[in-house]
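First up is the structure itself, then whatever we jot down about it.
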Amino acid sequence: MPRTMTFAGFSFVGHWQKITLLLLLMVSVCWFFADTEVIALEPWIELGRMGQGFIHPNFFATEYLFEALWQTISFALLGITLGLLLGFPLALCYQHPLIAAICAFIRAIHEIFWALIFLQIFGLSAITGILAIALPYAATFARIFSDILQQAPRHTLFSLPKGTDKLSAFIYGRWMHMYPQIVDYIRYRFECALRSSAVLGFIGMPTLGFYLESAFRQGHYEQGGALLILFVLLIGSIRFWAKPIFLWLYLPLAIYFLPPIPAIDGQIIWRFLSVDILPPMLQGQPFLSWFDIDILSKVFDWAYKLITQQVFPGMIATLVLAFCALGLTYLLTLILLPFNTRLMMPKVIILIMRAVNLILRSLPEYLLAFVLMMLLGPSMLPAIIALALHNSGLMVFLMARQADSVTVPLTYQPRIDQYSYLVIPNLYPHFMGLLFYRFEVIIRETAILGMIGVMTLGFYVDSNFSEIRFSGALLLLVFTAGLNVIVDYLARRLLH
Amino acid sequence: MKRTHLLSAGLLSLFSTFALSATFTFTAIPDADESNLRTRFEKVADYLSEQLDVEVKYIPVKSYSAAITAFRNNQVQLAWFGGLSGVQARGLVPGSEAIAQGFEDQYFKSYLIANHSVDIKSFDDFPVLNNYTFTFGSKGSTSGRLMPQFFIEKNLGKPVEQIFKRIGFSGDHSRTISQVEAGVYQVGAVNYKVWDTAVEKGQVDTSKVKVIWESPTYPDYQWTVHSGVDNDFGAGFKEKLTQVLIGMTDKDLLASFPRSSFIPAKNSDYQPIERVAKTIGMID
């Protein structure tokens, strides 16, 4: 653990304490500017209806339910497979700054927005959904695998006989060391992919989300409750049905039972690239006339208007929301973690908390925010709480395993002491690393909350798509991605 | 191994194209209940298929913008659009035509509804809405967004951003009703049919939320067909399709939309919608 020893002032404040204080300071500033007004409401009629829905879930209200369940799995599986095929080679050349930048850019755009872009090109087609998962996942795999492979111990590499070819050196010297970690990570990403796959239903892919979103939006809570229960069970039971050996069965089936894929029309792709993504005043104009003074000034006006009216307000709202959610995630994780640590709690509580974590991390933030909005009104607060609940559920899930693996010497006796002086200090660097990585994810996820009306960048992107203004949407997406790349860069600088 | 799967996926997709090209495909999103979309509209597809003597397929979509994209890319040749989405779609596909509308769509209207906790005064027959919180329906909706925004801006003389304390997009008419009922927003704009049906079925507590204003009428939902159908499905196909739509009398089929019957329509019926959309800057 790096400790900065300075002679001036605050040498007693450690590295992680500084980072934590900085984080809390940022969060308080953002919380001050955030719109957290609680609007006094009468939510009980509607919440009563929701409660009724969960008490009496109707599993037969959804048409083609099995197909939806199957397609949720199948899109996730194919998305991950393609993501791995693209991600592995990228991981090997991830050191190249250009590759890293491109990957950061691709990762920064939420699956939903990738899907909305591909929708314009491939239409309502399985290709749209699978690519929308595969592309950002490939970029994530590239980064994580490259990080994991970096950590491989060097001793095997040095002990290989002279003249060993590069491939064997790579496989035996690095890959095999990290293989269990890589498989672990893929397994975790498969769970994420199931969530992504369901969420893509919100914009029309034939997965669970298609029906889930309609049911909640239109107040069919018996149906919504049933679908949500199924979804949580699907994720909770992954280790029973997704054993690696079954994958060889699932993959061909997934391909075989894909919904029919309409023809890929080259003209549509060309139209998208040569017309749709251009600012309106350039569409249909010959290339040379783009540089006329009045056309250029019109393009400038267009971009200026978009940037001042949508990009900046959206970016500020996104950052404020993300920082507040990050602060709350930090607190919630620290509060929930002891309840999930074997050292601190009896088995019963651990089991109950496992179930709570499963529910928290499986529920799409979108639905959480949606329910909270009924209670708290339309400010940023429901979105902040939803993001924090979801992300702390995930953080605790990932941290608890580590907390349990810390070996405690017998000399420390009382539980709380052990937990506070041994477990937490041991985990803290990893915890902060994970938290900053989640920050990137939270920023991306604010996109979805934009779709229910919190005026983040996602809100404006969604508006542009629904007004058939693709050039505006793409300009906003470029800024969204840029913001994520910068945040990612700063977070890495801060941690290393 | 994986590569062969991809290859076979590629091959399979080629086959499915051949299968699709002879099929007449349509999409529809009803303005009210979206449950069991496929089950309901596959019945409509069967009816059309029987009457038109071609294979007809229904594709479910989630939003007007997805419907427009599918129509533009010729993935569907016929679509049941809202007033605004129809105008947008016909603007993107030259030669496409509105051929039929619902009987109710000749004189559609929106309601403004308010939570019981606010006491809104009217001036010149229009409620004074300054500084309340307000929700539209979905962003691309004609009755939940476009027309209400137009009427409010016209009557109060300034853009909605300057009128309301807070503006939301609930995403759906029934959501607008439950949010105004719960007081999440004080005022909201809603499709009159969805409101009337909800009141009739007792799904809304009218002591908590009430109608405060009724808009003038405007044209709304319509069937819009692609320009090239006469080429692809035989001369006179468009005319025949129009007759078949208008001839739909089965109450069960009509209930999916929900409309009492269909009547002929033409593009010029929707000029008012286009003008309004341009006035408030939703289309250029």
Side-chain angles (χ1 to χ4, degrees), chain A residues 39-47 49 61-64 78 81-82 84-85 116 119-120 123-125 127 201-204 206 210-211 213-215 217-220 223 248 251-252 255-256 258 260-265 268 280 373-374 377-379 451-453 462-463 465-469, chain B residues 1-3 5-6 8-9 12-14 16-17 19-21 32-39 59-66 68-70 72-75 88 91-92 115 117 133 135 138-140 166-172 174-175 178-179 181-185 203 205 208 282-284:
Chain A
I39 293 164
L41 308 167
E42 304 164 87
W44 305 114
I45 306 177
E46 189 69 9
L47 287 178
R49 287 179 200 143
T62 308
E63 56 174 2
Y64 301 101
L78 293 172
T81 311
L82 191 59
L84 283 171
L85 287 177
L116 283 173
L119 204 61
Q120 311 310 323
L124 279 163
S125 150
I127 298 179
F202 294 0
I203 57 144
F210 189 100
Y211 305 103
E213 196 264 354
S214 297
R217 179 161 47 84
Q218 302 209 304
H220 303 300
Q223 187 193 357
W248 299 110
L251 264 177
I255 291 172
Y256 187 76
L258 273 184
I261 297 172
I264 297 173
D265 185 341
I268 292 177
M373 194 169 154
M374 278 290 160
S379 69
M451 297 178 93
I452 64 164
D462 178 58
S463 297
F465 270 113
S466 73
E467 288 172 20
I468 327 288
R469 289 177 169 150
Chain B
M1 197 58 189
K2 280 163 189 163
R3 218 161 275 168
H5 294 325
L6 281 179
S8 56
L12 275 173
S13 67
L14 284 180
S16 50
T17 17
L20 274 179
S21 55
D33 185 12
E34 280 177 35
S35 58
N36 299 324
L37 277 184
R38 273 171 73 186
T39 312
I59 294 187
V61 290
K62 274 298 240 194
S63 62
Y64 294 117
S65 54
I68 294 171
T69 300
R72 185 185 185 205
N73 292 356
N74 203 13
Q75 198 177 0
Q88 287 170 318
L92 289 167
N115 188 273
S117 64
T133 60
T135 185
S138 109
K139 284 172 185 165
R166 199 189 275 282
I167 297 177
F169 292 91
S170 71
D172 189 82
S174 39
R175 200 96 297 262
S178 57
Q179 288 191 343
E181 184 184 36
V184 176
Y185 290 97
Q203 288 163 337
D205 184 346
K208 300 271 183 234
M282 278 198 67
I283 54 179
D284 299 315

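Proteins come first, then strands; the chains are lettered A, B, ... in the order of their sequence lines, and each starts at number 1.
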I need the minimum non-hydrogen distance between [X] and [Y], along with the two atoms involved.
{"X": "A/Gln218", "Y": "B/Ser35", "value": "OE1-N, 4.2 Å"}
{"X": "A/Phe465", "Y": "B/Ser65", "value": "O-CB, 3.8 Å"}
{"X": "B/Arg175", "Y": "A/Glu46", "value": "NH2-OE2, 3.2 Å"}
{"X": "B/Leu37", "Y": "A/Glu63", "value": "N-OE2, 3.1 Å"}
{"X": "A/Met373", "Y": "B/Val184", "value": "O-CG2, 3.8 Å"}
{"X": "A/Glu467", "Y": "B/Met282", "value": "CG-CE, 3.9 Å"}

I need the [X] [atom1] to [Y] [atom2] distance, nearest 0.5 Å.
{"X": "B/Asn73", "Y": "A/Ile268", "atom1": "CG", "atom2": "CD1", "result": "3.5 Å"}
{"X": "B/Arg72", "Y": "A/Ile468", "atom1": "CZ", "atom2": "CD1", "result": "8.5 Å"}
{"X": "B/Ser63", "Y": "A/Asp462", "atom1": "OG", "atom2": "CG", "result": "8.5 Å"}
{"X": "B/Asn36", "Y": "A/Gln223", "atom1": "CG", "atom2": "CD", "result": "7.0 Å"}
{"X": "B/Asn74", "Y": "A/Asp265", "atom1": "CG", "atom2": "CG", "result": "8.5 Å"}

Problem set entry | Portion of B/Tyr64 that has a non-hydrogen atom of chain A nearer than 4.5 angstrom |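 Interface part for B/Tyr64: neither.
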field: Part of B/Glu181 lying under 4.5 Å from any heavy atom of chain A
entry: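 Both parts, backbone and side chain.
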### Query
Under 6.0 Å from the six-membered ring centre of A/Phe210 and within 45° of its axis: does the NZ or CZ of B/Lys62 meet both?
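Cation-pi check for B/Lys62 and A/Phe210: passes.
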Ranking A/Pro206, A/Gly204, A/Ser466 by heavy-atom pairs under 4.5 Å to chain B gives rank one to A/Ser466
Among the listed options A/Ser214, A/Ser125, A/Pro43, the residue most often paired with chain B at heavy-atom distances under 4.5 Å
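It is A/Ser214.
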The interface call for A/Leu124 against chain B, heavy-atom contacts under 4.5 Å, is both
Bottom line for A/Ala61: the part with an atom under 4.5 Å from chain B's heavy atoms is backbone
* Give the member of B/Gln88, B/Arg38, B/Gln75 that has the highest number of heavy-atom pairs under 4.5 Å with chain A. =>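 Option with the top pair count is B/Arg38.
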